[in-house]
Amino acid sequence: MSWSGVYSFVKRIPRGRVVTYGQVARALKLPGGARTAGRAMFACPSGRGIPWHRVIGAQGRILIREPQASLQRKLLESEGTQFAGLRVDMAAHEWKPARKKKKSGRKKRSHKR
DNA sequence: CATCTGACGACCG
DNA sequence: GCGGTCGCCAGAT
């Protein structure tokens, strides 16, 4: 499988921001959903500048096992991501991609409803 | 070719 | 809040 799309997506995640496997799966329309997203991350080649640690499980929970889990948490904290106990503060760090491909984002929220 | 497992998520008790 | 189960896809044995 070409996880290139997934890697590109992950690479676009801004520093101090995080996304869940489910979000990645939905944004890229991956078949199988979160599972496929997780597989893609596992197969993520190291040394490619891919911030794999910014991809976490639902509700900002780290699902992977050690020692990657500790490493991930360390990296996230190092980037400014704050942890609320054993999970990431999703309310403050959940990254919402504007578009699946291309850059540029645009918000159109007139104001609150 | 068949079966199990795995960086998941949602649902149920 | 926690634990167990099912569905989903791909790779490994």
Side-chain angles (χ1 to χ4, degrees):
Chain A
M1 260 338 209
S2 307
W3 306 114
S4 316
V6 182
Y7 299 146
S8 300
F9 185 81
V10 175
K11 272 160 60 176
R12 288 195 249 296
I13 303 176
R15 178 157 154 290
R17 226 59 2 127
V18 293
V19 285
T20 67
Y21 295 103
Q23 279 183 276
V24 176
R26 280 192 199 179
L28 300 176
K29 284 196 180 102
L30 296 176
R35 268 273 150 113
T36 306
R39 279 210 65 69
M41 297 318 299
F42 184 67
C44 155
S46 335
R48 299 269 167 209
I50 302 175
W52 60 269
H53 52 267
R54 289 183 194 146
V55 185
I56 51 187
Q59 296 154 2
R61 232 215 242 141
I62 295 180
L63 310 165
I64 58 186
R65 290 166 178 122
E66 310 222 25
Q68 304 302 354
S70 301
L71 176 64
Q72 180 169 34
R73 173 165 183 165
K74 182 181 166 180
L75 289 169
L76 289 171
E77 288 186 304
S78 185
E79 291 187 340
T81 306
Q82 298 170 49
F83 272 75
L86 296 175
R87 349 208 146 92
V88 176
D89 190 346
M90 292 299 284
H93 297 288
E94 188 179 59
W95 179 55
K96 291 150 193 183
R99 278 288 188 233
K100 55 174 174 180
K101 243 139 175 216
K102 286 222 178 287
K103 40 194 1 235
S104 269
R106 195 164 303 291
K107 46 196 186 49
K108 63 191 224 109
R109 211 119 276 200
S110 319
H111 48 84
K112 328 169 198 172
R113 45 119 101 140

Produce a footprint string for nucleotides 7-13 of chain C: one letter per nucleotide, 5' end first; B if the base is under 4.0 Å from any protein heavy atom, S if only the sugar-phosphate is, - if neither. -BSSS--

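Applying the side-chain hydrogen bond (donor to acceptor under 3.5 Å, both in side chains) definition to pairs two or more places apart or across chains, those involving residues 40-53 of chain A are A/His53-A/Glu79.
Within residues 61-68 of chain A, the residues approached by DNA chain B to less than 4.0 Å at the level of any non-hydrogen atom are A/Leu63, A/Ile64, A/Arg65, in residue-number order.
Nearest heavy atoms, A/Gly57 versus A/Leu63: CA-CD1, 3.3 Å. Closest heavy-atom contact between A/Pro97 and A/Gln23: CD-NE2, 4.5 Å.
The environment of CZ in A/Arg26 is sparse: at most 12 heavy-atom neighbours from other residues, nucleotides or ligands sit within 6.0 Å.
Listed candidates were B/dA7, C/dC2, B/dA10. Nearest to the side chain of A/Arg87 is C/dC2.
Mapping A/Met41 and A/Arg26 onto DNA chain B by nearest heavy atom places A/Met41 at the nucleotide closer to the 5' end.
One interatomic measurement links the two molecules: CH2 of A/Trp52 to P of B/dC8, which rounds to 13 Å at whole-angstrom precision. A/Gln59 places its CD atom 11 Å from the P atom of B/dC11, with the value rounded to the nearest Å.
C/dC8 and B/dC1 are spaced 22 Å apart, taking the P atom of each and rounding to whole Å.
For the atom pair A/Arg54 CZ and A/Gln72 CD, the distance stands at 11.0 Å (nearest 0.5 Å).
Looking at A/Gln59, its side chain never comes within 3.5 Å of a backbone N or O of A/Thr20 through a donor-acceptor pair. Distance alone, capped at 3.5 Å, is enough to place a donor-acceptor pair between the A/Ser8 side chain and the A/Ser4 backbone.
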Hey, mind stepping through A/Trp3 and A/Phe42 against ring pair (Phe, Tyr, Trp, His ring centres under 6.0 Å) and telling me if it holds? CA-CA 11 Å; A/Trp3 306 114; A/Phe42 184 67; over 10 Å; no

